[in-house]
Amino acid sequence: MKTLFSNKSAIEQKKLNVVGGFFVFTFYVILFFAFKDDPFFGDAISTVSRAARHIYDSHFTSIAYPPGLDPGHPITFPLLYACLWKMFGLQLPVSHLVNLIFSLGIVFYVWKWVKRELTSVHAWVACLLLLCTPLFISQSVQMNTHLPLTFFTLGFAYSLRFDQKSGQILFPILMLLTHLQALYFVAPLWLWWFFQHSEKSVQARVTYMGKMLVLPLSIFAAWLLYHHSIEGWYLSSPTYSGHRGMPSFKRILINLVLADWRISDYGQIALFIIPVFVVFRRDFRGRWNNPLVFFLAVYFFNAIALAVTTQTGPAHRYLLACVPFLILANAYMFERVKRRVWIVVIPILLSGHFWFYPGKVMGDATLAFRDVFPLLEQIDKAFEGQVMHSYAPLSNPGKFTHLNDDSTSRMALYDIDINTVNYILRSNISGDFKEEELKRLRDTWSVKTYESGNVYVEVYVHPDIKGMQSTKRKIGRLERWMLILKEAIKGKDSH
């Protein structure tokens with residue numbers, strides 16, 4: 001494909017690759033040293049560290065999640081982390097290094113894909129957009145399984161696009177052994193291949209797909225049989241029955257709207273400016289081979305599938321694997337718009353790092369949630385020796401967050417009457433408190449508030465414990481309006 005930059009000499013493009021590679025490598029070195037001591041957080045605990053620590057503590061005699069805490073996902077990555085801890089020590093930097101390697105792999109695949117069809121300039125534009133995306137950076141410094149799932153998904157799409165048969169078998173295996181959501185990426189990507197190869201007969205296409213899927217589906221079936229043998233169920237976890245399953249029709253519609261919000265949230269709306277502009281100008285080229293088609297296939301399939309199979313809708317990271325395809329589409333359309341458009345795109349994308357919704361539970365889609373870590377350290381010092389009860393993610397003990405911390409200063413509040421505990425933690429990163437509980441806490445308990453950036457943590461102290469002066473935070477008008485809106489959408493049962 002000839003472009004404006006095709007006439008650049010091989011030496012110039014090689015120099016650009018060296019400079020770009022050095023920049024990316026330096027960026028990842030900085031990321032590692034800046035975040036290597038961050039603890040496991042949120043779903044990285046429920047899907048990775050809790051199981052990895054269980055395997056590690058059992059000396060590999062129990063390759064499973066802790067009893068009663070199995071979310072249903074394959075145990076591959078918890079086992080990987082447990083093995084690495086056994087070899088290199090029970091340390092957070094080891095875990096972060098693994099995650100950053102997958103993150104770097106995603107950058108490499110984006111670069112490789114674009115470079116193969118266009119030029120080094122286009123390839124590095126795509127990498128720049130990826131490294132500016134808040135969701136990608138936030139997931140790069142957390143040990144969730146969605147980042148490796150994104151790497152394997154991109155590798156699988158690359159194998160389909162450029163007819164690499166070994167990758168068409170290997171990557172689906174790795175995807176299906178990483179996260180249950182892999183089913184929602186394998187299916188649309190194979191559908192893309194089916195329609196893209198319309199010159200072949202239906203029988204020939206179905207036969208080829210069947211041959212390629214035999215091994216991945218057989219290995220996944222073997223995992224399901226093993227999982228059933230130890231848990232008594234295959235996919236749907238009883239522990240997460242409140243989150244999974246067919247929701248009401250109203251909830252399905254809400255989930256679909258949420259998916260549109262999530263994919264464009266935190267600055268990512270900027271990634272739609274150029275594709276929308278090009279499509280409306282009727283300058284869309286490439287048809288099935290264009291990365292925008294890949295994006296539409298995986299995004300709409302996931303948006304619909306998640307809408308009808310989850311009670312709470314998609315989190316931002318559930319759509320992470322869709323983002324590289326949208327970025328690839330931007331790179332392919334690089335020369336279809338004037339440069340002043342790009343001057344708008346990148347600042348909007350970068351601004352997403354600072355977006356904040358008062359009254360909404362903060363997720364892990366940006367790095368803003370990290371302000372909770374120093375606040376928790378302050379609380380530990382101020383209330384040394386006391387046990388704090390809370391809901392996830394603040395309820396996890398040190399062995400699952402900092403790994404080498406066996407303290408039990410954090411305990412779960414689930415199924416416990418709040419009047420039976422002395423101290424309760426609540427924050428705008430914790431969303432499981434019920435309206436009744438909040439009313440009792442606010443009316444009768446003392447509270448001390450700790451704040452940093454947009455994050456706050458409240459320590460509620462039982463009425464029988466005297467001597468602490470309350471420091472209540474003031475709720476602004478915008479936050480109050482957001483709370484009312486949230487109640488209208490989700491109901492008054494959780495905050």
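The chain is numbered in sequence order, starting from 1. Just so it is clear, the values below take in all heavy atoms, side chains as well, and ignore hydrogens, waters and symmetry mates.
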Practice problem: For residues His146 and Tyr318, establish whether the separation of their ring centroids is below 6.0 Å. | Solution: yes

Quiz item: Does CD1 in Ile269 sit with more than 12 non-hydrogen atoms of other residues, nucleotides or ligands closer than 6.0 Å?
Solution: no

Quiz item: For Ser395, does its backbone N or O pair with a side-chain atom of Ser390 as donor and acceptor, under 3.5 Å?
Solution: no

Quiz item: Phe373 vs Phe369 aromatic rings, parallel, tilted or perpendicular, using cut-offs 30° and 60°?
Solution: perpendicular

Quiz item: Does Leu376 reach the side chain of Arg410, with side-chain heavy atoms less than 4.5 Å apart?
Solution: yes

Practice problem: Please tell me if the side chains of Thr133 and Ile327 come closer than 4.5 Å, counting only heavy atoms from C-beta onward. | Solution: yes

Quiz prompt | Residue among Phe185, Trp113, Trp193 satisfying ring pair (Phe, Tyr, Trp, His ring centres under 6.0 Å) with Phe294 | solution = Trp113

Quiz prompt | Distance, nearest 0.5 Å, that separates CD1 of Ile429 from CG of Leu394 | solution = 4.5 Å

Exercise. Verify whether the ring centers belonging to Phe162 and Tyr158 lie closer than 6.0 Å.
Key: yes

Self-check item: Close side-chain approach of Val345 to Ile274, heavy-atom, < 4.5 Å
Solution: yes

Quiz item: Side-chain donor-acceptor pair under 3.5 Å between Trp223 and Tyr234, yes or no?
Solution: no

Self-check item: Test item: side-chain donor near acceptor, Glu458 and Tyr450, under 3.5 Å
Solution: no

Practice problem: Any chance you could measure Ile106, atom CD1, to Leu131, atom CG, to the nearest 0.5 Å? | Solution: 10.5 Å

Quiz item: Which value, rounded to the nearest 0.5 Å, describes the distance between Lys36 atom NZ and Leu100 atom CG?
Solution: 12.5 Å

Self-check item: Note, Lys360 side chain near Asn428 side chain (heavy atom, < 4.5 Å)
Solution: no

Self-check item: Selection residues 167-182 - residue pairs positive for salt bridge (Lys or Arg N to Asp or Glu O under 4.0 Å), sequence neighbours left out
Solution: none

Exercise. Look up atom CG in Leu213 and atom CD1 in Ile173, then write down how far apart they are to the nearest 0.5 Å.
Key: 10.0 Å

Self-check item: Parallel, tilted or perpendicular, as decided by the 30° and 60° cut-offs, for the rings of Tyr56 and Trp85
Solution: perpendicular

Quiz prompt | Close side-chain approach of Gln311 and Arg244, heavy atoms under 4.5 Å | solution = no

Quiz item: Side chains of Arg426 and Tyr391: donor-acceptor distance under 3.5 Å anywhere?
Solution: no

Quiz item: Any side-chain heavy-atom pair from Leu258 and Arg262 closer than 4.5 angstrom?
Solution: yes

Quiz item: Closest approach of Asp371 and Leu375, non-hydrogen atoms and distance?
Solution: O-CG, 3.4 Å

Practice problem: Flag the pair Tyr184 / Gln181 as yes when at least one side-chain heavy-atom distance between them is below 4.5 Å, and no otherwise. | Solution: yes

Quiz item: Can the ring centroids of Phe40 and Phe400 be said to lie less than 6.0 angstrom from one another?
Solution: no

Quiz prompt | Centroid separation Phe295 to Phe272 less than 6.0 Å | solution = yes

Quiz item: Which value, rounded to the nearest 0.5 Å, describes the distance between Asp380 atom CG and Ser409 atom OG?
Solution: 5.0 Å

Exercise. Check whether the ring centres of His316 and Tyr266 lie less than 6.0 Å apart, and answer yes or no.
Key: yes

Quiz item: Does a donor on one side chain and an acceptor on the other come within less than 3.5 Å for Asn99 and Gln142?
Solution: no

Quiz item: What is the ring orientation for Trp111 with Trp124, classed by angle as parallel under 30°, tilted 30 to 60°, or perpendicular over 60°?
Solution: tilted

Quiz item: Are Asn17 and Ser120 close enough that a side-chain donor and a side-chain acceptor fall under 3.5 Å?
Solution: yes

Practice problem: Measure the acute angle between the ring planes of Phe195 and Trp288, then classify it against the limits of 30° and 60° as parallel, tilted or perpendicular. | Solution: parallel

Quiz item: Does one side chain, of Tyr208 or Gln168, offer a donor that lies under 3.5 Å from an acceptor on the other?
Solution: yes

Practice problem: Please work out whether the ring planes of Trp261 and Tyr357 are parallel, tilted or perpendicular, with thresholds of 30° and 60°. | Solution: perpendicular

Self-check item: Phe77 CZ to Leu84 CG distance, which is reported to the nearest 0.5 Å
Solution: 10.0 Å

Quiz item: Are Phe220 and Leu180 side-chain neighbours, meaning at least one heavy-atom pair lies under 4.5 Å?
Solution: yes

Practice problem: Apply side-chain contact (heavy atoms from CB on, under 4.5 Å) to Asp415 and list each qualifying residue two or more places apart in sequence or on a separate chain. | Solution: none

Quiz prompt | Centroid separation Phe156 to Trp190 less than 6.0 Å | solution = yes

Quiz item: What residues form a side-chain contact (heavy atoms from CB on, under 4.5 Å) with Asp405, not counting sequence neighbours?
Solution: His402, Ser407

